[in-house]
Amino acid sequence: MRKLIRWLGHHRLTLVFTLLGLVLFLFIIVPLAKMLLSSVSEPDIFLDTITDPQVTGAIWLTLYAALIATLAGFLLGIPLAYFLARHDFPGKKLIEGLIDVPIVVPHTAAGIALLFVFGRNFAVGKAFGALGIEFIDSTAGIVIAMLFVSIPFLVNSAKDGFKEVDVRLERVARTLGASPWQTFLRVSFPLAWRSILSGSIMMWARGISEFGAVIILVYHPMIAPVLVYERFEAFGLDYARPVAVLLIIVSVLVFIVLRTLAHRGERL
Amino acid sequence: MIDIRNLCVELGRFALRDISLKVETGEYFIILGPTGSGKTVLLETIAGICPCRSGQIWLDGRNVTGLSPDTRQVGIVYQDNALFPHLSVRENIIFGLRMRRTRPRELKSKLEGVVQLLGLGPLLRCWPATLSGGEKQKVALARAIVTSPEILLLDEPLGALDPETRENVQQELRKLHTGLAITVLHVTHDFEEAMTMGKRLAVIGEGALKQVGTTEEVFRRPNSEFVARFVMTRNIFRGTVARKFDGATVFRTGSLELISETVVSDGGCHASIRPEDVLISVEPARNGGWNSLPSIVTGIVDKGSILNVTVSLPPDLVCMVTRHQAAEMGLRVGQPVWVAFSPSSVHLFKG
């Protein structure tokens with residue numbers, strides 16, 4: 001007993017922090033676990049749900065649209081992240097702040113803002129319409145909504161990754177005959193890859209969970225979060241819950257696989 | 001040959017001002033200066049990494065001022081070697097050859113040449129993170145020279161190494177320089193390293209060249225207080241030229257008069273005396289010549305093989321004696337002693 005008291009005395013900080021961490025962990029895990037268990041307790045509804053083509057279609061659309069948004073974010077965000085990591089200029093803080101705005105803005109408001117640019121009655125929307133790309137009630141609309149709200153995760157993570165790359169490595173590469181493009185592709189990008197991958201996974205995950213911005217632009221075709229909302233409104237909790245559970249299971253599985261792959265790369 | 005003409009560089013608040021310097025082809029030249037003096041900026045400007053505001057840089061008769069780093073034929077090695085951590089030793093070394101699209105056969109022969117020269121064979125498959133400091137520096141050297149640059153720029157290449165490894169890498173550098181007959185510009189803040197490695201050097205401070213000359217010249221005849229302090233002269237006195245006679249100058253500081261062989265114009269000037277040029281004894285020098293002065297020991301600092309002994313003339317004068325000499329004389333603080341130094345050891349300068 002005396003030993004235990006002495007041990008507790010020595011490890012007071014660890015103990016307090018562990019307890020506080022446990023409270024947070026339970027706060028996250030209990031609602032999810034309870035929803036999962038209550039769904040399993042009604043296997044008939046759950047089985048009907050996972051074989052329902054509307055549900056599986058919505059989940060695939062969610063994963064697919066988030067992936068396209070991430071790829072677009074990758075293409076547009078990496079150059080910006082590199083530029084911000086390597087250059088100092090007046091107004092840089094402002095630009096960095098603006099990139100974070102989608103995190104702060106309520107996502108329904110973000111959807112309305114996008115509607116004012118990509119809607120059929122507005123210039124950009126009309127221009128894309130002329131090319132046959134519509135953003136209202138289309139997959140393209142889902143993609144831009146997901147892109148808008150989740151791009152800060154990729155840009156910020158990639159920027160931090162590039163900042164960690166010692167600028168002298170790039171300088172040495174240049175003296176060794178590498179062009180600026182070669183230096184970026186052979187030195188900066190591979191060295192920042194871990195952060196870029198991590199940011200991409202976060203962006204993709206954030207895209208999957210998006211609801212507010214998407215529903216303003218696109219009600220049909222339905223992504224999974226919209227379907228959950230629709231079923232909850234139309235049929236009640238019992239029919240919304242299995243869709244939510246399925247979405248969570250699929251997302252968590254994909255998320256774990258990607259994280260594991262990224263972590264394995266880290267050890268190599 | 002490196003020919004720098006009136007080079008000016010501005011980097012935020014820091015600036016290199018009006019740098020002019022010539023380094024002969026095949027020379028091993030040292031740039032010596034304290035931290036923040038602009039040594040690295042100068043190297044990076046020569047390499048084309050930092051843009052210059054005005055002036056010109058000529059490398060082997062070619063004006064490279066406006067050229068990008070990849071076209072200058074310059075190799076650079078940093079203090080912490082800057083090896084690419086995501087590439088193996090082999091891939092690090094051949095990086096430059098790959099960038100220059102060297103043919104496989106030529107690539108192989110160049111790699112073998114440099115690996116043999118620096119004895120890197122067993123390390124080729126290793127990753128930089130697993131190498132010792134000396135090994136990393138050798139790999140960085142191999143990477144810099146494998147592309148056969150005309151100029152090799154070394155930015156404090158020995159700074160992060162332990163004394164034993166430092167000596168090994170020094171030998172490798174000498175071997176490389178002799179074997180490749182390459183022009184080397186070696187930057188350091190360590191005067192002993194400068195004396196060991198180069199025959200000529202430039203002292204840089206606050207963004208400007210303070211003195212250029214042979215190591216012996218800078219060591220013996222610093223042209224300013226800045227250089228004198230930086231080359232560890234220790235004894236620097238401010239005073240005036242009292243009078244001149246028979247090619248000698250009498251320098252006065254306070255009530256002390258010193259005889260010097262240096263010829264300077266009348267007026268205020270500095271005198272410097274290297275600690276190792278001062279003889280210390282318990283009796284007056286037999287010839288009783290010039291600059292033989294009574295004094296009192298005011299401090300002794302043990303430096304291992306030697307002792308730094310401070311005596312008060314006044315002013316204070318630092319001398320160096322071996323441990324053996326100190327024991328023979330029974331040196332202790334408060335002891336009256338005699339110090340002597342020849343007029344050729346008293347260097348006068350205006351700066």
Side-chain angles (χ1 to χ4, degrees), chain A residues 74 78-79 81-93 96 157-201 261-268, chain B residues 11-12 40-41 43-50 59 64 67-88 91-102 107 127-129 139-156:
Chain A
F74 196 88
I78 301 300
Y82 183 70
F83 182 80
L84 290 173
R86 283 289 175 265
H87 299 280
D88 281 317
F89 53 89
K92 182 179 169 180
K93 288 278 170 217
E96 286 176 331
S157 182
K159 186 178 73 183
D160 291 344
F162 285 126
K163 271 186 182 169
E164 278 173 27
V165 177
D166 186 347
V167 75
R168 282 173 310 164
L169 296 177
E170 296 175 356
R171 290 174 178 173
V172 167
R174 295 284 283 123
T175 64
L176 289 170
S179 67
W181 280 103
Q182 284 173 316
T183 303
F184 177 78
L185 293 173
R186 302 291 294 265
V187 178
S188 323
F189 186 81
L191 286 173
W193 170 242
R194 202 77 55 223
S195 302
I196 294 170
L197 184 63
S198 175
S200 302
I201 293 170
L261 287 176
H263 187 60
R264 186 175 292 176
E266 204 169 294
R267 271 181 289 173
L268 280 176
Chain B
L11 281 178
T40 302
V41 174
L43 278 203
E44 290 187 337
T45 309
I46 294 169
I49 294 162
C50 292
L59 301 180
V64 300
L67 296 183
S68 60
D70 50 323
T71 55
R72 290 199 182 194
Q73 286 292 313
V74 166
I76 192 163
V77 175
Y78 284 106
Q79 178 178 3
D80 59 356
N81 52 72
L83 295 179
F84 303 127
H86 61 304
L87 300 179
S88 68
E91 287 299 317
N92 260 282
I93 296 174
I94 62 174
F95 184 90
L97 297 174
R98 282 204 196 285
M99 293 303 107
R100 291 178 157 87
R101 300 183 198 285
T102 310
L107 186 147
W127 293 90
V139 175
L141 277 169
R143 183 179 63 177
I145 61 167
V146 77
T147 53
S148 313
E150 290 159 2
I151 318 286
L152 182 60
L153 306 173
L154 307 174
D155 186 10
E156 307 239 12

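Throughout, protein chains are lettered first and strands after them, A, B, ... in sequence-line order, and every chain is numbered starting at 1.
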(message) Could you go through F84(B) and R186(A), starting from their C-alpha distance and side-chain angles, then the distance that decides it, and tell me whether this counts as side-chain contact (heavy atoms from CB on, under 4.5 Å)?
(response) CA-CA 10 Å; F84(B) 303 127; R186(A) 302 291 294 265; over 6 Å; no
(request) Find out whether P85(B) and L169(A) are in side-chain contact, i.e. whether some heavy atom of one side chain is under 4.5 Å from a heavy atom of the other. (result) yes
(message) Would you say that V172(A) contacts F95(B) through its side chain, given a criterion of any heavy-atom pair below 4.5 Å between the two side chains?
(response) no
(message) At a 4.5 Å cut-off on heavy atoms, which part of L83(B) comes close to chain A: side chain, backbone, both, or neither?
(response) backbone
(request) May I ask you to test the S68(B)-R174(A) pair for a side-chain heavy-atom distance under 4.5 Å? (result) yes
(request) Please look at I76(B) and chain A and tell me whether the side chain, the backbone, both or neither of the residue comes under 4.5 angstrom of a heavy atom of that chain. (result) both
(request) Any chance you could measure D155(B), atom CG, to R168(A), atom CZ, to the nearest 0.5 Å? (result) 8.0 Å
(request) Find the distance between NE2 (H86(B)) and CZ (R194(A)) and round it off to the nearest 0.5 Å. (result) 11.5 Å
(request) Using non-hydrogen atoms and a 4.5 Å limit, figure out which bit of R100(B) sits close to chain A: side chain, backbone, both or neither. (result) side chain
(request) Search all heavy atoms of R143(B) against all heavy atoms of L176(A) and return the closest pair with its distance. (result) O-CD2, 3.3 Å
(request) Please name the residue in the list I49(B), V77(B), D70(B) that meets the side chain to side chain contact (heavy atoms under 4.5 Å, CB included) test with T175(A). (result) I49(B)
(request) Identify which part of Q73(B) has an atom lying under 4.5 Å from any heavy atom of chain A, answering side chain, backbone, both or neither. (result) neither
